[in-house]
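Every chain is numbered from 1 and lettered A, B, ... according to where its sequence line falls, protein lines coming before strand lines.
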Amino acid sequence: MRASQYFLPTLKEAPSEAEVPSHIFLVRGGFIRQLAAGLYEYLPLGLRVLKKIENIIRKHMDDAGALEVLLPILTPAELWQETGRWDVYGKELFRVEDRKGRLFALGPTHEETITDLVRKNIRSYKDLPKNFYQIQTKFRDEARPRYGLIRGREFIMKDAYSFDVSEEMAVKSYEIMKETYNKIFSELGLDYLMVEADTGAIGGKYSHEFVVKAANGEAHIVYCENCGYAANVEAAKYEFELDKLPPEEEKPLEKVHTPNVSSVEDVAKFLGVSPKKIVKTLIYILSDGTAVAVLIRGDRELNETKLINYFNVNDARLATSEELEKMGLVEGFVGPIGLDLPVYADVSVQDLHNFVVGANEKDYHYINVNIPRDFKPIEFVDFSTAREGDPCPNCKAPLKETTGLEVGHIFLLGTKYSDAMKAYFVDKDGKEKPIVMGCYGIGVSRLMAAAVEQNHDENGIIWPESIAPFKLQILALNMKDEKIKEVAENIYKKAKEKGIEVLFDDREMSAGAKFKDADLIGIPHRIVVGKGVKNNVVEYQHRAKKEKEEIPIDKVDEFLEKLR
RNA sequence: CGGAGCGUAGCUCAGGCGGUAGAGCACUGGCAUGGGGGGCCAGAGGUCGGCGGUUCGAGUCCGCUCGCUCCGACCA
């Protein structure tokens with residue numbers, strides 16, 4: 001491709017709305033443009049990268065026996081109502097109405113559609129297993145789109161759905177996808193982790209996330225360098241047994257005056273005790289309307305995902321000040337003793353002795369509280385958010401924490417959707433059974449951003465070889481110099497003949513501008529044709545490296561052969 | 001959805017005391033150049049996000065509204 005005939009609208013300055021490296025460089029390099037919040041246009045250069053990513057995914061999905069389909073973006077509301085997600089999915093679902101007033105959703109994911117297709121067309125165990133996938137635009141009306149391609153309202157996703165006769169077989173399908181995903185992310189050249197995850201709104205029995213390590217990532221991960229355990233902090237088990245305080249003899253319960261002292265830090269300082277001996281009492285309102293009290297040790301953070309999962313509700317939120325007041329509670333001094341609410345406790349509170357809680361009275365706390373002498377929680381549950389330094393649930397070594405971008409997520413769904421939508425098959429024994437499902441997503445457009453987050457320097461992008469828009473870039477530094485032009489044209493012709501994807505910068509611009517553009521765009525291999533032609537040499541440089549190498553013009557052919 | 005910031009040329013931004021708008025880069029034509037966004041000359045480009053109000057007069061003041069971004073909540 002000749003740069004003079006291509007479309008390279010590169011920018012010298014970062015657009016004011018861009019904050020993170022991937023957003024800045026993808027816009028500056030002429031890969032994407034923003035149309036509106038969370039909506040991006042893919043320019044020719046950007047689309048080349050996107051297609052490369054898609055094709056790597058496609059190749060591995062096909063190898064794994066998955067079958068590509070293409071489902072409508074519009075999905076009838078009735079399907080969403082069947083599974084109940086028309087209401088559960090909330091405002092994130094883009095809803096549209098046709099001329100007759102029939103409601104549709106712009107698909108944010110396609111469990112409903114694919115399950116409908118399967119229930120209408122698969123009747124027998126002989127038709128199973130099946131795994132269908134598609135690569136398509138998805139729509140989610142994000143409350144806060146951000147970071148360019150990392151979180152858009154319209155984005156490209158590869159979604160796959162497996163259908164099996166039993167959970168045992170579904171686990172096999174799941175394991176095949178796990179392996180396939182590892183192949184895909186390896187080939188993409190990314191530094192990633194596979195982590196245990198929560199299933200969230202998609203639901204299901206268990207799931208794994210694939211997370212690309214990145215400073216700007218929204219996923220919080222703990223991992224163990226010793227045994228390889230890795231999990232999203234939302235899903236990571238908290239190994240409290242190793243974090244317990246030593247046993248103590250019970251002291252008598254005492255109410256103490258703590259004027260204007262309510263936060264854990266303040267109470268700890270005021271009473272001269274460790275935050276580990278203070279127990280927070282949090283009042284949560286579950287989405288079914290019930291209020292519960294949840295206790296957690298002062299140094300731990302409650303994990304709402306674990307709370308929601310435990311109570312099996314759609315949502316949970318902290319009670320507001322007004323609600324606390326209505327219940328007769330004093331904000332900042334809430335405690336479990338004499339509390340007229342169901343009390344649950346995080347495991348961090350188990351076997352804790354002589355601790356501090358609010359006294360349900362302004363400016364008073366109880367000290368030397370002990371379970372079960374002073375109160376008794378209904379149950380001890382793991383509600384704690386995992387964090388750096390916690391013991392690994394497998395091997396007890398201290399966990400490390402990191403942030404990353406979730407680029408893939410696989411779920412063993414079980415029969416959640418097949419039950420709701422009556423997707424049944426007739427088994428060998430002649431009985432009708434629900435099909436057991438799994439679903440598997442990859443954020444294709446987000447991957448493009450993730451690759452840049454992980455591969456850039458101060459001058460621009462350094463594309464991994466497998467997804468670079470071109471493999472080779474030729475810079476002719478002075479197109480008015482006949483010799484330079486001739487040599488460059490010749491190399492370009494040869495590279496094309498060898499089937500190398502090459503971008504030939506034949507534009508009539510200053511040399512400096514060409515170098516800057518080349519660095520920004522980040523094509524891995526670069527041949528510079530400049531004043532060296534007088535000595536019959538051209539220069540080779542890899543985008544990721546500083547060193548330059550001189551190649552005699554008559555050896556260029558061999559050199560290109562190596563690039564093939 | 002809560003909190004904050006910002007909308008002026010294609011891009012990045014200045015002007016803000018009310019008196020009819022500027023820079024750099026980009027763009028067009030020309031010249032000289034050609035190894036890291038370099039130089040010179042000439043030119044084109046704006047209902048100052050929108051609506052309404054105050055005023056003789058509004059980019060500037062006031063109200064509303066739309067858009068974009070950031071922090072948080074939420075979310076794959």
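- Looking at heavy-atom distances under 4.0 Å, G152(A) makes contact with a base.
- Note on R33(A): nothing from the nucleic acid sits closer than 4.0 angstrom, heavy atoms only.
- Taking only side-chain nitrogens and oxygens, R146(A) comes nearer than 4.0 Å to OP1 or OP2 of C71(B).
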### Query
With the sugar-phosphate defined as primed atoms, P, OP1 and OP2, and the base as all remaining atoms, what B/S/- string results for nucleotides 30-36 of chain B, 5' to 3', for protein heavy atoms under 4.0 Å?
---BBBB
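- Residue order along RNA chain B, read from the 5' end via each residue's closest nucleotide, puts A14(A) first among R151(A) and A14(A).
- Judged purely by atom type and a 3.5 angstrom limit, E486(A) has no side-chain atom pairing as donor or acceptor with the backbone of N490(A).
- D481(A) comes within 4.0 angstrom of no nucleic acid atom, judged by non-hydrogen atoms across all strands.
- Aromatic pair Y417(A)/Y161(A): centroids not less than 6.0 angstrom apart.
- Base pairing annotation: G37(B) forms no Watson-Crick or G-U wobble pair, as no partner gives both donor-acceptor distances under 3.5 Å.
- Side-chain contact, Y192(A) with N182(A): a donor N or O sits under 3.5 Å from an acceptor N or O.
- Look at the P atom in both G36(B) and C51(B): the space between them is 49 Å, to the nearest Å.
- Taking the six-membered ring for Trp and thresholds of 30 and 60 degrees, Y440(A) and Y174(A) have ring planes inclined between 30 and 60 degrees apart.
- Nucleotide G46(B) forms no Watson-Crick or G-U wobble pair with any nucleotide shown, as no partner meets the under 3.5 Å limit on both distances.
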